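Note sheet for the following structure.
Remember, predicted model here, so these are calculated numbers, not experimental data. All ligand and atom numbering here is 1-based and tracks the order in the structure.
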Amino acid sequence: DNSNETQAIMFLEEYNERAQTVYPESIEISWTYNTDITEANQQAMIDSSLEVAQFAKDMQVQAQQFNRTGFSYDTNRQLEKLLYIGDAAMEDPDQLEELNTLQAQMETRYSTGEVCLNNSPDQCLELEPGLTRIMATSRNYDELFWAWDGWREAVGAPAREDYRRYVELKNIAAQANDQPDCGAYWRSWYETPDLQAQVEQLYNQLKPLYQQLHAYVRRKLYNVYGEDFINLRGPIPAHILGNMWAQSWTNLLDLVEPYPGKPTVDITPSLVSKGYTPLQMFQVSDEFFTSLGLIEMPQEFWDKSMIEKPDDGRSVVCHASAWDFYNQIDFRIKQCTDITMDDFITVHHEMGHVEYYLQYKEQPVVYRDGANPGFHEAVGDVLALSVSTPQHLYAVDLLDTVVEDDEADINYLMSMALDKIAFLPFGYLMDLWRWGVFDGSTPSSKYNEDWWKLRLEYQGIIPPMERNEGDFDPAAKYHIPASVPYIRYFISFVIQFQFHKSLCAAAGQEGPLYKCDIYQSEEAGTLLADMLKFGSSRPWPEAMEAITGQREMSAVPLVEYFQPLIDWLEEQNKNEYIGWDGAPEWRPAAP
Ligand SMILES: O=C(CCC(O)(O)[C@H](Cc1ccccc1)NC(=O)c1ccccc1)N[C@@H](Cc1ccccc1)C(=O)O
Ligand SMILES: [Zn+2]
C-alpha cells in the first residue's frame with residue numbers, strides 16, 4: 001500500500017545519508033593501502049571492509065522487509081540495488097574475512113612483484129616501468145622471454161593456491177546473492193539474459209578483422225625473427241607482441257607500419273622531447289573534456305590524486321584506477337604515469353571514469369555507477385578516439401608535422417588497429433576463462449591448460465616455452481588476482497565506436513569516422529553528458545538509445561571506422577595463410 005512506499009522512500013533517504021559517511025571512510029582506508037602497501041595498511045583495509053559489509057547487510061535486512069508490489073519503478077529499482085550486495089552477503093563472517101584477506105594478499109603479491117637480474121637482489125625490475133618498457137621496446141627474443149617468463153614466475157605460479165580458495169569463496173558469496181556462481185553474478189550486472197550470446201556474436205563478427213591483422217603482423221615479425229621463431233601458418237609467440245599480455249600491439253608500429261617514412265603518429269618521442277610531465281598530461285586531457293563543456297576536475301582531484309609512482313621507497317598498487325569517494329567532493333586517480341603515448345591514452349581512460357563520477361554525483365548513491373560496467377570503461381576511450389587523430393595531435397602541438405594522404409591514413413588506421421582490433425580476442429577470452437573457472441568446467445587441475453587453449457583459439461598466440469600446471473599464467477594479468485571483471489572492456493571496445501559515431505554526427509563532423517575529432521563541440525559534450533547523468537538509474541539499453549538512437553550493441557560502427565584498413569589488409573594478405581591452424585605440430589625454437 002502507498003504508506004508502505006512512503007516508508008520505503010524514507011528508508012532509502014536514510015540509507016543515502018548514512019552511505020555517504022560509511023563509504024568515504026572505508027574508501028579512504030583502501031586508498032591508504034593502495035598508495036602505501038604495508039602489512040598494517042592491508043589489515044586496516046580488511047577490517048574496514050568487514051565493517052562496511054555489516055552495514056550493507058543491515059541495510060539489506062531492512063530493504064527486504066518491504067512488500068514492493070505496486071511500488072514505483074524508481075523505488076523498486078533503488079531497493080533492488082540494496083538486496084544484492086556481493087561478498088557482503090556471505091553468511092559466515094570468517095569466510096568473508098578469509099576472502100578479503102586472500103584478495104588483499106593476491107593484490108599485494110602482484111603489486112610488489114619484481115624480476116631480478118641473475119639473482120642480484122639490488123638489480124630488480126618491477127612491472128611498471130621496468131618490465132613494461134622492455135616488453136615495449138626490446139626486439140631481442142631472449143631478453144623479451146626473460147621479462148615475460150620472470151614476471152609469470154614472480155606473480156603467476158605463486159598465486160595458484162590462493163586463487164583456488166578464492167574461487168570457492170566467491171562462489172559461496174554468489175550463491176548468497178541468489179546466483180549459481182560468481183560468473184553468473186558478475187554477468188547479472190548487465191540485466192541482459194543473453195549477454196554471453198550477444199558478446200559471442202559480436203566477437204564472431206569481428207574475428208575476420210583480427211585474423212587479417214594477425215596474418216599481416218605475423219609476416220612482419222617473420223621478417224624480423226625468422227623461420228625458427230615464426231611459422232607463417234601458425235600462432236605467434238606470446239612474448240614478442242610489444243605487451244606483457246599481447247593485449248595491445250601498438251609498440252610494434254615501427255615494425256609493421258605500412259608506409260615507413262611518413263611522419264610518425266606515435267607521440268611518445270614528442271612527449272619526451274617537449275619535457276612533458278605527468279601533471280601536464282593530465283592537464284591536457286582535462287582541457288579536452290572541458291572543451292566539450294564537460295565538468296572539469298575539482299581542486300581536490302589535483303590535490304589528492306597519485307599520478308606518479310612515488311620515489312620514496314613506498315610500495316603502491318601501480319595498476320591505474322579512478323576513485324569515487326561517494327561524498328560528492330572527493331574523486332581521485334591513482335596511476336604510475338610513464339611519459340608514453342600508451343600512458344597518455346590511459347590518462348584519458350581514467351579521466352573518463354572521473355567524468356562519469358562527476359556527471360552522476362547528484363544521483364542517489366545506489367545509482368552512482370555506469371549504465372553497465374562497459375559504459376564506464378568506454379567514456380575516456382571515446383574522447384581518446386578524437387585525441388589520437390594526427391590532426392588533433394598536430395593542433396595541440398603534440399605532433400610537429402602531419403601529412404594527410406591515403407598512405408598516412410593507412411598508417412594511422414594501422415596504429416589504431418594495433419590497439420583496438422588486437423585487443424578484442426583478449427578482452428573476450430579473459431572472462432571466458434574465468435566464467436569456466438567459476439562454473440566448474442575448468443577445475444584447478446586445468447587452470448593453465450584451459451588458459452592456453454583459449455589464448456591459442458582466440459588470440460592465435462603460443463607460449464615461447466611449454467607450460468604446465470606448475471605455472472599459473474592467468475594471475476600474471478592484474479584483473480585476475482585483483483578480482484576485476486574483464487568482459488566490460490570487450491563491450492567498451494565495441495560500444496565506444498557507436499558512441500564515437502553519434503558524437504561525431506552531433507559535432508557536425510562529416511568525413512570518414514576515423515578522421516573525426518569532436519574537440520570543442522558543445523553539442524557532442526551535451527549528448528554525452530545527458531547520458532552520463534543517468535548513472536545506473538535506467539537499464540543500459542535506454543542509455544544506449546539516448547546517445548545512439550537505438551538500443552542494441554553493434555559492431556557496425558567499429559567496422560565502418562576500420563573499413564579502409566580492412567580493404568588494404570585483404571589486398572596485402574591475398575597470398576598469406578589466414579588463421580593459425582596450418583601447422584598444428586609446430587612450436588617456436590626454445591629461447
Ligand atoms: O585495467 C585497465 C585500466 C584500469 C581501470 O580504469 O579499468 C580500473 C581497473 C580497476 C582497478 C581497481 C579496482 C577496480 C577496477 N577501473 C576503474 O578505475 C574503475 C572501474 C569501474 C568504475 C570506475 C572506475 N584497462 C584494461 C583494458 C584496457 C582498457 C583501455 C585501454 C587499454 C586497455 C587493461 O589495462 O587491461
Ligand atoms: Zn577503466
>> Please verify the inter-ring angle class for Phe490 with Tyr428; under 30° counts as parallel, over 60° as perpendicular, anything in between as tilted.
In response: tilted

> Taking the inter-plane angle between the rings of His214 and Tyr210 on a 0 to 90° scale, is it parallel (under 30°), tilted (30 to 60°) or perpendicular (over 60°)?
Replying inline: tilted

Tell me which protein heavy atom sits closest to [atom], plus the residue, atom name and distance to 0.1 Å.
atom: atom 7 (O) of ligand 1; result: Tyr489 OH, 2.6 Å
atom: atom 16 (N) of ligand 1; result: His353 NE2, 3.8 Å
atom: atom 13 (C) of ligand 1; result: Val484 CG2, 3.9 Å
atom: atom 18 (O) of ligand 1; result: Ala322 N, 2.8 Å
atom: atom 31 (C) of ligand 1; result: Phe493 CZ, 4.0 Å

>> Which option wins on minimum heavy-atom distance to atom 34 (C) of ligand 1: His349, Met244, Gln247?
In response: Gln247

> So between Gln496, Glu350, His376, Gln335, whose heavy atom ends up nearest atom 5 (C) of ligand 1?
Replying inline: Glu350

What atoms of ligand 1 come within less than 4.0 Å of a heavy atom belonging to [X]?
X: His479; result: 1 (O), 2 (C), 34 (C), 36 (O)
X: Lys477; result: 34 (C), 35 (O), 36 (O)
X: Asp381; result: 30 (C)

Heavy atom of [X], distance to ligand 1 below 4.0 Å:
X: Tyr357; value: yes
X: Tyr486; value: yes
X: Ala482; value: no

>> Between Tyr489 (side chain only) and Phe423 (backbone N and O only), is there a donor and an acceptor less than 3.5 Å apart?
In response: no

> For Cys182, which residues count as a disulfide bond (SG atoms under 2.5 Å apart) partner, sequence neighbours excluded?
Replying inline: none

Looking only at side chains, do [X] and [Y] share a donor and an acceptor under 3.5 Å apart?
X: Ser492; Y: Gln496; result: yes
X: Glu107; Y: Tyr478; result: yes
X: Thr264; Y: Asp266; result: no
X: Tyr360; Y: Ser536; result: no
X: Tyr110; Y: His319; result: no

>> For Gln179, give me all partners under side-chain contact (heavy atoms from CB on, under 4.5 Å), at least two apart in sequence or on another chain.
In response: Ala174, Ala184, Tyr185, Ser188

>> Keeping to distances under 2.8 Å, can you name the protein N/O/S atoms close to the Zn ion (ligand 2)?
In response: His349 NE2, His353 NE2, Glu377 OE1

Is [X] in polar range of ligand 1, meaning some N or O pair under 3.5 Å apart?
X: His319; value: yes
X: Glu377; value: yes
X: Tyr478; value: no

> Does any pair with a residue in residues 294-306 pass salt bridge (Lys or Arg N to Asp or Glu O under 4.0 Å), and if so which ones, sequence neighbours excluded?
Replying inline: Lys304-Asp330

>> Heavy-atom distances under 4.0 Å decide this one: backbone, side chain, both or neither, for Ala320 against ligand 1?
In response: backbone

